[in-house]
Amino acid sequence: QVQLVESGGGLAQAGGSLRLSCAASERTFSSYAVGWFRQVPGKEREFVAAISSAGGRTYYPDSVKDRFTISRDNAKNTVNLQMNSLKSEDTGDYFCAARFTFGLTNSIYTTRNHYPYWGQGTQVTVSS
């Protein structure tokens, strides 16, 4: 069972940048599709970005498109989320999630129910 650990959260000013990382315990992390989600108290966990296991396909909702970039380094078992032009509404707890895909594929998943493995989250606060 893969274990995920997020890092890189913190405080940023509006218009600034943060880079989140998701480190996996599995050496076969390259066989997992990965997604990032965020959550604020009282609201449902929201999809932020997804990347296929092969890394050739990514997807973002309109709320973060052209500001956030997801990438992966399978040699290091990590997936990163570069967040630029941050807005106050980007504040929340950010979680990475993984789904086994039986090898390198270009499948991506955008809903929480598709991901059985989750990290503990890292907090992002954007001040205006």
Side-chain angles (χ1 to χ4, degrees):
Q1 178 171 334
V2 66
Q3 294 182 335
L4 306 173
V5 178
E6 301 93 338
S7 61
L11 177 65
Q13 291 188 336
S17 299
L18 282 174
R19 183 178 177 87
L20 306 184
S21 292
C22 175
S25 60
E26 280 275 337
R27 285 184 293 175
T28 57
F29 193 48
S30 58
S31 294
Y32 289 79
V34 175
W36 282 95
F37 293 76
R38 67 186 178 194
Q39 189 170 23
V40 296
K43 292 190 176 182
E44 292 191 355
R45 199 163 291 189
E46 174 190 19
F47 167 70
V48 172
I51 189 166
S52 61
S53 57
R57 188 178 175 198
T58 59
Y59 186 79
Y60 311 89
D62 288 343
S63 58
V64 306
K65 192 178 296 182
D66 299 326
R67 299 190 298 120
F68 289 11
T69 302
I70 188 171
S71 62
R72 68 188 303 154
D73 185 341
N74 285 337
K76 296 182 178 180
N77 297 330
T78 59
V79 170
N80 299 309
L81 183 67
Q82 179 66 43
M83 306 187 296
N84 298 329
S85 301
L86 284 165
K87 303 176 180 180
S88 57
E89 52 261 45
D90 294 320
T91 294
D93 292 322
Y94 282 69
F95 301 86
C96 70
R99 174 187 176 92
F100 185 67
T101 60
F102 295 97
L104 295 175
T105 76
N106 275 324
S107 299
I108 58 171
Y109 305 89
T110 62
T111 62
R112 293 173 296 163
N113 292 342
H114 280 125
Y115 292 98
Y117 306 110
W118 291 83
Q120 293 301 306
T122 185
Q123 188 173 44
V124 170
T125 303
V126 181
S127 63
S128 58

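Applying the side-chain hydrogen bond (donor to acceptor under 3.5 Å, both in side chains) test to residues at least two apart or on different chains, none of the pairs has a partner in residues 115-128.
Under the 4.0 Å criterion applied to side-chain N and carboxylate O atoms, K87 and D90 are not assigned as salt-bridge partners.
The environment of Y59 atom OH is sparse: at most 12 non-hydrogen atoms of other residues, nucleotides or ligands sit within 6.0 angstrom.
One distance of note links CG of N74 with CG of L104; it measures 7.0 Å at 0.5 Å rounding. Taking NE2 of H114 as the start and OH of Y109 as the end, the distance is 7.0 Å to the nearest 0.5 Å.
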Hey, can you pull the donor-acceptor pairs under 3.5 Å for the side chains in residues 9-20, sequence neighbours left out?
unit_1 : atom_1 : unit_2 : atom_2 : d
S17    : OG     : N84    : OD1    : 2.9
R19    : NH1    : Q82    : OE1    : 3.3

What do the steps show when you test S21 against N80 for side chain to side chain donor-acceptor pair (under 3.5 Å), and what is the final call?
-> CA-CA 4 Å; S21 292; N80 299 309; 2.7 Å; yes
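A side-chain donor-acceptor contact under 3.5 Å links E6 to the backbone of G121.
Under the 30°/60° scheme for interplanar angles, the aromatic rings of Y32 and F100 are found to stand perpendicular.
With sequence neighbours excluded, the residues forming a side chain to side chain contact (heavy atoms under 4.5 Å, CB included) with P116 are R99, listed by chain and number. Partners of S85 under the side chain to side chain contact (heavy atoms under 4.5 Å, CB included) rule, at least two apart in sequence or in another chain, are R67. The side-chain hydrogen bond (donor to acceptor under 3.5 Å, both in side chains) check on S52 picks up N106, with sequence neighbours excluded. Qualifying side-chain hydrogen bond (donor to acceptor under 3.5 Å, both in side chains) partners for E46, counting only residues two or more places apart in sequence or in other chains: R38.
For the residue pair T101 and S107, no side-chain donor N or O sits within less than 3.5 Å of a side-chain acceptor on the partner.
The cationic group of R112 does not satisfy the cation-pi geometry with F47, failing either the under 6.0 Å distance to the six-membered ring centre or the 45° limit from the ring axis.
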